[in-house]
Amino acid sequence: MHAFAALLGSLIYTRGRNAKLKLIVDYLHATPDPDRGWAMAALTGDLDLPGVKPAQIRALIEARVDPVLFRMSRDYVGDTAETVALLWPAPVPAPGGAPLSIAAAVDALRDLSRADAPAALAAMLDRLDAEERFALLKMATGGLRIGVSARLAKTALAQAFGLDVDAVEEVWHGLAPPYATLFAWAQGSGPQPTPADVPVFRPFMLAHGLEDARVDLADYAAEWKWDGIRVQIVHVAGQTRLYSRTGDDVTASFPDVAAAFAVSGTVDGELLVKGEVQGGTLDEGGGAASFNALQQRLGRKTVSAKMLAAYPAFVRLYDLLIDGDEDLRALPWTQRRARLEAFVPRLDPDRFDLSQVIDAADFTALEAIRAGARDAAIEGVMLKRRDSPYVGGRRAGLWYKWKRDPLTADCVMMYAQRGSGRRSSYYSDYTFGCWTEDGELLPVGKAYSGITDEELRMLDGFVRRNTLNRFGPVREVDKTMVLEIAFDSIHASTRHKSGIAMRFPRIARIRTDKPAAEADRVDTLKRLVT
């Protein structure tokens, strides 16, 4: 546990990608199996210890220190694991006991019930120092938040042993922690794991932002970028799996789609919910509802019959990766597109359709088409090089995403909350509102992104100087700070008093030049509801 704790501590305070990669590479070389396998599971979010819950950890520490002291410390530190690690009583050395390994901790916790896990966890915390306690708690709760993505961790593993990261990614979801067969292959002592007869995840091909560039439509095809969630559907040997862009298995949330995909192959598409037909054509968003409708089903482990009927899902297909046993990813987009067009008629038309290519004479014409697209289900335009193979990750010059221009509104800061991680010392999460016709300020959203470190310090100072009330880590502030908020779309919401909810809100500008009374009205935002 000591080496893993040191790794986490170093990763938290290391900013550069290459430096983070080196830290993980060095750890994997120095750490034996199965500890390094469990460490990889923790770094990639694949470690599940269902018996350990945050509420149990809070109960454990409040039984050992003054609960008021813990809550005040938690509000200041901004992280439960770090607070508990620092406040936990000094370790009690076990006579002749060996240091606690990651494997021993996982073996002790993974099969315990919620009733039995707390006592076992407390016994481990009693043996560890503060740094090790922090690592154990982060690992147990699955909330590392150390600036390392699953892809970065897998890239480090590939670099450590001279493997291709896409080959690692391709077999990853067919293997279980602590990945003994993967490390055996990496070290040359075992065969390469294969995805044969297993519905495994293949890395998605991603796009760079177009920014201010222009492309020739003779070289690039244009499609709508639909506003759902990107999914990969795999059917092999009678099994079907749906994977999200991050490789998470979301099959249980969409059993209706999985049951309808019974043709051997792998497709890439956008998961949407059916809505009103708009214009009657696919290329104008026909049949797709807003993301707000899809959200009703996301994250559910079981879906009721009522939910299936109220929010029927379907997939708008972009690409065909595997057709039967034939891997098409090396083919150019034009050939894969032709194969996809022949593949789609074999599928249930009630659950699958084809994302149409936009008919535009040139880039100027495409600009005009994009400018008029503010359908609830359209997020922008995709530009795909016609000769591009399907390769995992972002490759320069192959695919571009050209998002529609965001909407903006001037809103008034109402509340501020401490951030987490490196922002835990700052009030960095801001709830903002707009005015009703009666002069009441109602919350319309919350944002924390879009500002520089200098702007963060300025807003943090404003919050501290203009606090009206305190509610734990949240402060109510004087309603004088105007923030220009950019957002992709806005939807009706029964969960908010204002009746609306923003999609992807972020801070575009700090409007110190604008009086709060001149901020936007709720009715103005309601007119933008899609």
Side-chain angles (χ1 to χ4, degrees), residues 202 204-207 221-235 240-245 250-251 253-263 265-298 308 311-323 328 333 336-360 366 369-370 373-384 390 399-404 488-489 503 530:
R202 274 87 178 180
F204 277 97
M205 185 167 181
L206 305 176
E223 296 178 43
W224 290 120
K225 188 177 190 302
W226 299 101
D227 191 14
I229 64 167
R230 185 109 172 259
V231 292
Q232 184 178 118
I233 312 176
V234 187
H235 183 85
T240 300
R241 294 287 184 274
L242 269 71
Y243 293 107
S244 71
R245 205 180 83 163
V250 296
T251 311
S253 298
F254 300 94
D256 43 349
V257 173
F261 193 85
V263 179
T266 301
V267 293
D268 175 351
E270 197 80 11
L271 185 65
L272 300 157
V273 161
K274 293 183 181 182
E276 295 291 331
V277 174
Q278 301 175 24
T281 60
L282 292 173
D283 59 350
E284 292 185 3
S290 71
F291 185 84
N292 193 48
L294 177 62
Q295 248 181 337
Q296 310 306 312
R297 290 189 57 177
L298 293 180
L308 290 171
Y311 301 100
F314 74 105
V315 178
R316 186 152 285 161
L317 297 175
Y318 294 139
D319 218 317
L320 180 61
L321 283 62
I322 296 176
D323 186 359
L328 309 182
W333 176 87
R336 296 197 314 278
R337 175 72 187 191
R339 295 284 294 268
L340 178 64
E341 291 174 358
F343 186 87
V344 169
R346 298 158 61 189
L347 304 176
D348 181 352
D350 196 44
R351 295 292 177 186
F352 304 95
D353 65 22
L354 184 65
S355 181
Q356 298 293 319
V357 174
I358 301 172
D359 184 14
L366 181 62
I369 294 170
R370 170 184 169 273
R374 192 150 276 285
D375 182 278
I378 293 176
E379 192 179 9
V381 169
M382 290 293 300
L383 293 158
K384 300 179 179 180
Y390 192 102
W399 285 10
Y400 292 105
K401 56 185 176 183
W402 190 18
K403 286 195 172 185
R404 64 189 183 189
D488 286 3
S489 58
R503 173 114 157 102
T530 55

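Everything numeric in this text was worked out from a predicted model, so none of it was measured. Position 1 is the first residue of the sequence; numbering continues from there.
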Can you tell me if [X] uses its side chain to pair, donor with acceptor, with the backbone of [Y] under 3.5 Å?
X: Arg316; Y: Leu272; result: no
X: Tyr311; Y: Val273; result: no
X: Lys384; Y: Glu223; result: no
X: Arg351; Y: Val315; result: no

Q | Audit row: Asp268, Met205, side chain to side chain contact (heavy atoms under 4.5 Å, CB included) steps and yes/no | A | CA-CA 9 Å; Asp268 175 351; Met205 185 167 181; 5.7 Å; no

Using 0.5 Å steps for rounding, measure from the [atom1] atom of [X] to the [atom2] atom of [Y].
X: Ile233; Y: Leu242; atom1: CD1; atom2: CG; value: 4.5 Å
X: Arg297; Y: Leu308; atom1: CZ; atom2: CG; value: 5.0 Å
X: Trp226; Y: Met382; atom1: CH2; atom2: CE; value: 13.5 Å
X: Leu321; Y: Tyr318; atom1: CG; atom2: OH; value: 14.0 Å
X: Asp359; Y: Leu366; atom1: CG; atom2: CG; value: 10.5 Å
X: Thr266; Y: Gln232; atom1: OG1; atom2: CD; value: 6.0 Å

Q: Check the pair Asp488, Asp227 against side chain to side chain contact (heavy atoms under 4.5 Å, CB included), reporting the backbone distance first and the verdict last.
A: CA-CA 10 Å; Asp488 286 3; Asp227 191 14; 5.8 Å; no

Q) Near Arg245 CZ, under 6.0 Å, is it more than 12 heavy atoms from other residues, nucleotides or ligands? A)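 Result for CZ/Arg245: open.
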
Q: Could you check whether the rings of Phe261 and Phe343 sit parallel, tilted or perpendicular, using 30° and 60° as the cut-offs?
A: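 Aromatic pair Phe261/Phe343 classed tilted.
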
Heavy-atom side-chain contact between [X] and [Y] under 4.5 Å:
X: Thr251; Y: Thr240; answer: no
X: Arg370; Y: Ile358; answer: no
X: Trp224; Y: Val381; answer: yes
X: Glu270; Y: Leu294; answer: no
X: Val257; Y: Phe352; answer: yes

Q: Using the side chain to side chain contact (heavy atoms under 4.5 Å, CB included) rule, pick out the option among Val263, Leu328, Leu340 that qualifies with Asp323.
A: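 Answer to the side chain to side chain contact (heavy atoms under 4.5 Å, CB included) test with Asp323 among Val263, Leu328, Leu340: Leu328.
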
Quick one: closest heavy-atom pair of [X] and [Y], and the distance?
X: Ser489; Y: Arg404; value: CB-NH2, 3.5 Å
X: Phe204; Y: Ser244; value: CE1-O, 3.3 Å
X: Ala222; Y: Leu383; value: CB-CD2, 3.8 Å

Q) Are Asp319 and Arg336 ion-paired here, with the side-chain N under 4.0 Å from a carboxylate O? A)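 So Asp319 pairs with Arg336 through a salt bridge.
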
Q.
I'd like to know if Glu379 and Lys225 make a salt bridge, using a cut-off of under 4.0 Å between side-chain N and carboxylate O.
A.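 Yes.
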
(Q) Applying side chain to side chain contact (heavy atoms under 4.5 Å, CB included) to Glu341 and Leu320, what does each step give before you reach the verdict? (A) CA-CA 9 Å; Glu341 291 174 358; Leu320 180 61; over 6 Å; no

